[in-house]
Amino acid sequence: ANMRSAVRSCRVESRHVLPPLSERPASRRLKDTDMPSPFKRLQAKRLYPCPLLHPRHTLRNLIPCLLASALWILVLPATATEPVPGHSLESIHTWLLEHNAELRALDLEAQAAEARILPAGALPDPSASVSFRGLDPDKPWRTPGAGREVDYAVRQRFPLWGKRGLARTAASQDAVAVGLDRITAARDLLADAEAAYVRYWHADQAVAVLDRRVVLLRQIEEIAGVRYALGRAAQQDAIRAQVEQTSLQRERIERIAAKQEAVATLNAVLDRRSDAPLATPDEAPGLFVRSASLAETLDDANLHPAVRSQQARAEAARTNVALERRNRFPDVTVGVGAMQLGNGIESTELMLEVEIPFQQRARRERERESRLLEEAALARMDATLRTVEERGASAWAQWTSARERRRLIENTLLPQADATWQSALASYQVGEVDFGTLLEALNEWQGADLARVDALRDELLGAAAVRAIEGDIR
């Protein structure tokens with residue numbers, strides 16, 4: 001807006017620039033003998049309202065233009081260089097680890113858990129007290145006189161029997177569990193992002209197969225039209241080809257809708273708007289499985305961060321059991337004090353306090369609570385281990401079956417379907433087979449290609465799930 005107003009003002013002022021003397025009308029030329037009377041000055045002001053283009057006005061109008069240009073130059077590189085994820089799987093990983101709000105929250109929680117370690121084993125704050133003796137009940141606010149006493153005392157409680165060390169150890173184990181929870185969440189989010197990226201890539205590949213199939217249908221429709229024109233085929237052959245194209249267009253719409261759903265899911269995992277643009281994948285996602293067998297994958301299940309997190313919590317619960325047992329022994333409070341009489345110190349004192357364990361029932365209940373929490377943590381660790389093993393076995397079965405299906409289609413079914421299509425096309429051109437046989441051969445050939453793409457999608461999804469279990473996701 002500032003640029004437009006400045007340009008408009010510059011144009012307006014340029015209209016009022018005084019023309020040369022040679023171009024002025026004779027009636028408007030000033031003579032040397034004319035005296036600058038008030039009337040002539042008023043007439044000249046009416047004829048030429050802005051006789052000169054002052055440099056000061058020009059500079060003032062150009063300043064907004066220069067400022068707007070500078071701001072545009074500064075803002076444009078920032079928006080132009082912002083990376084758009086989607087061209088590779090690595091870009092998805094990088095964006096997720098840098099921009100996901102859930103991971104940032106878990107990271108902050110892990111730092112907060114680490115910050116609780118030092119206070120857990122620290123000494124409690126000391127207490128200070130001041131007491132006055134010999135006060136007048138009627139006027140207690142008066143300054144103490146020579147006959148009044150003031151006692152000063154400082155006390156510090158010391159937890160003994162290794163309680164501070166146990167509390168610090170339990171807090172450290174809890175911090176380790178929270179950090180492992182973050183790693184578990186990162187693995188799950190990366191696996192979800194990989195699965196959504198695979199579906200995003202697969203949708204384009206499936207649409208490309210359908211487009212090739214539509215092109216082939218149009219070609220055989222032309223062949224059927226030529227044969228119908230020559231009286232060698234029925235008109236329903238061309239109509240049947242058109243009906244098949246319409247069915248493929250319907251399937252194409254469904255595939256595009258699946259792509260849009262994959263884009264929304266991927267953007268949600270990446271913590272972006274659902275309609276945010278994604279780059280076109282450069283190639284098929286490379287998801288490689290490290291384990292050679294299912295047994296190897298299950299053997300490493302106890303190293304999964306979810307299992308280790310529950311194990312750390314079980315260890316923290318065991319430490320709390322030991323801490324509650326140590327609480328049977330009382331703590332010690334040490335204090336020092338001084339008594340002021342008048343303006344001088346009359347005497348000093350040293351105090352030693354010990355807690356008396358009267359509440360034995362409450363103490364036993366706290367010990368029982370800690371033991372039950374330990375057993376619950378151990379049970380939860382076993383349940384998490386079984387869940388991880390079940391996920392690993394299911395993912396391995398999905399990955400291996402999809403891989404075998406893809407290999408069968410690529411090595412056997414596709415060559416057979418291709419040969420069938422070529423033979424049916426040649427036979428239809430010479431009239432040895434009908435149009436239904438040709439169309440069936442085309443559907444088998446292109447259907448096998450589409451089945452190959454779908455099998456590759458399932459294989460990649462299974463590989464992403466296996467990688468989330470075996471820990472190959474960085």
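Bear in mind the structure is a predicted one, so any value in this text is a computation, not a measurement.
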Legend entry - For Ile92 against Pro85, the heavy-atom pair lying closest together: CD1-CB, 4.0 Å

Legend entry - Atom CG of Leu352 with >12 non-hydrogen neighbours under 6.0 angstrom: yes

Inset, instruction - Identify, with sequence neighbours excluded, every residue that meets side-chain contact (heavy atoms from CB on, under 4.5 Å) alongside Thr412. - result: Leu408, Gln416

Legend entry - Residues, nucleotides or ligands: over 12 heavy atoms within 6.0 Å of Arg380 CZ: no

Inset, instruction - Before accepting this row, confirm whether a basic side-chain N of the pair Asp331/Lys163 lies closer than 4.0 Å to the acidic partner's carboxylate O. - result: yes

Legend entry - Close side-chain approach of Gln311 and Val176, heavy atoms under 4.5 Å: no

Legend entry - Steps toward salt bridge (charged side-chain N to carboxylate O under 4.0 Å, His left out) verdict (Glu365, Arg368): CA-CA 5 Å; Glu365 290 298 322; Arg368 177 172 173 269; 3.7 Å; yes

Inset, instruction - Taking Thr94 for its side chain and Ser91 for its backbone only, find out whether a donor-acceptor pair lies under 3.5 Å. - result: no

Legend entry - Student check: side-chain heavy atoms of Arg182 and Val178 closer than 4.5 Å: no

Inset, instruction - Without swapping roles, check the side chain of Thr387 against the backbone of Ala383 for a donor-acceptor pair under 3.5 Å. - result: yes

Inset, instruction - Kindly give the heavy-atom pair with the smallest separation between Ala314 and Leu378, and that separation in Å. - result: CB-CD2, 3.6 Å

Inset, instruction - Any chance you could measure Gln359, atom CD, to Arg364, atom CZ, to the nearest 0.5 Å? - result: 10.5 Å

Legend entry - Side chains of Ile223 and Leu425 in contact at under 4.5 Å (non-hydrogen atoms): yes

Inset, instruction - Locate the shortest heavy-atom distance separating Ile117 from Ser172; write the atom from each residue and the value. - result: CG2-OG, 3.4 Å

Legend entry - Residue Arg212 excluded, over 12 heavy atoms near CZ under 6.0 Å: yes

Inset, instruction - Can you measure from CD1 (Ile256) to CD (Glu254) and round to the nearest 0.5 angstrom? - result: 11.0 Å

Legend entry - Trp161 side-chain N/O to Pro330 backbone N/O, donor-acceptor pair under 3.5 Å: yes

Legend entry - Side-chain heavy-atom pair Glu324, Val321 within 4.5 angstrom cut-off: no

Inset, instruction - Using a 4.5 Å cut-off on heavy atoms from C-beta on, say whether the side chain of Thr319 contacts that of Gln173. - result: yes

Legend entry - Electrostatic pair Arg313-Asp181, nearest N-O below 4.0 angstrom: yes

Legend entry - Side-chain (Ser370) to main-chain (Glu367) donor-acceptor, under 3.5 angstrom: yes

Legend entry - No-hydrogen, no-angle side-chain donor-acceptor test under 3.5 Å, His93 and Glu194: yes

Inset, instruction - May I ask you to test the His304-Thr184 pair for a side-chain heavy-atom distance under 4.5 Å? - result: yes

Legend entry - Test item: Asn411 side-chain N/O and Arg407 main-chain N/O as donor-acceptor pair under 3.5 Å: yes

Inset, instruction - Taking Asp271 for its side chain and Ala101 for its backbone only, find out whether a donor-acceptor pair lies under 3.5 Å. - result: yes

Legend entry - Gln236, CD atom: more than 12 neighbouring heavy atoms under 6.0 Å: no

Legend entry - Charged N-O contact under 4.0 Å between Arg403 and Glu459: no

Legend entry - Check ion pair Arg391-Asp188 (N to O, under 4.0 angstrom): yes

Legend entry - Atom pair CG/CD of Asp449 and Glu444 - distance to nearest 0.5 Å: 14.0 Å

Legend entry - Polar side-chain atom of Ser309 near backbone of Pro305 as donor-acceptor pair, under 3.5 Å: no

Inset, instruction - Answer yes or no: is there an ion pair linking Arg386 with Glu390, defined by an N-O contact shorter than 4.0 Å? - result: no

Inset, instruction - Could you pull out the closest heavy-atom pair between Asn267 and Ser274, with the gap in Å? - result: ND2-O, 3.2 Å

Legend entry - Interatomic spacing from OG in Ser401 to CG in Asp458 - rounded to 0.5 Å: 7.5 Å

Inset, instruction - Anything under 30° is parallel, anything over 60° is perpendicular, the rest tilted; go ahead and classify Trp421 against Trp445. - result: parallel

Inset, instruction - With rounding to the nearest 0.5 Å, note down the distance linking CG in Asn327 to CZ in Arg325. - result: 12.0 Å

Inset, instruction - Check the side chains of Asp434 and Thr437 for a donor-acceptor pair under 3.5 angstrom, ignoring hydrogens and angles. - result: yes

Inset, instruction - With sequence neighbours excluded, tell me which residues meet side-chain contact (heavy atoms from CB on, under 4.5 Å) with Asn302. - result: Leu385

Inset, instruction - Report yes or no: is the cationic atom of Arg199 (NZ for Lys, CZ for Arg) under 6.0 Å from the centre of the six-membered ring of Trp201, at an angle within 45° of the ring normal? - result: no

Inset, instruction - Taking all heavy atoms of Gln245 and all of Glu221, pick out the closest pair and write down the distance. - result: NE2-OE1, 2.8 Å

Inset, instruction - Would you kindly check if the NZ (Lys) or CZ (Arg) of Arg272 is within the cone defined by 45 degrees around the ring axis of Trp95 and under 6.0 Å from the six-membered ring centre? - result: yes

Inset, instruction - Look at the side chain of Gln398 and the backbone N and O of Leu461, then say whether any donor-acceptor pair between them is shorter than 3.5 Å. - result: no

Inset, instruction - Please check if atom CZ in Phe158 has more than 12 non-hydrogen atoms from other residues, nucleotides or ligands closer than 6.0 Å. - result: yes

Inset, instruction - Could you pull out the closest heavy-atom pair between Ala448 and Ile409, with the gap in Å? - result: O-CG2, 3.4 Å

Inset, instruction - Classify the side-chain pair Thr384/Gln310 by whether it contains a donor and acceptor separated by less than 3.5 Å. - result: no

Inset, instruction - Measure from the side-chain N and O atoms of Asp300 to the backbone N and O of Leu303, and report whether any donor-acceptor pair falls under 3.5 Å. - result: no

Inset, instruction - Apply the salt bridge (charged side-chain N to carboxylate O under 4.0 Å, His left out) test between Asp204 and each candidate in Arg457, Arg252, Lys259; give the one that qualifies. - result: Lys259

Legend entry - Residue Gln360 excluded, over 12 heavy atoms near CD under 6.0 Å: yes

Legend entry - Heavy-atom side-chain contact between Val198 and Leu287 under 4.5 Å: yes

Inset, instruction - Please check if the side chain of Tyr197 supplies one atom and the backbone of Gly86 the other of a donor-acceptor pair under 3.5 Å. - result: yes

Inset, instruction - Flag the pair Val214 / Arg218 as yes when at least one side-chain heavy-atom distance between them is below 4.5 Å, and no otherwise. - result: yes

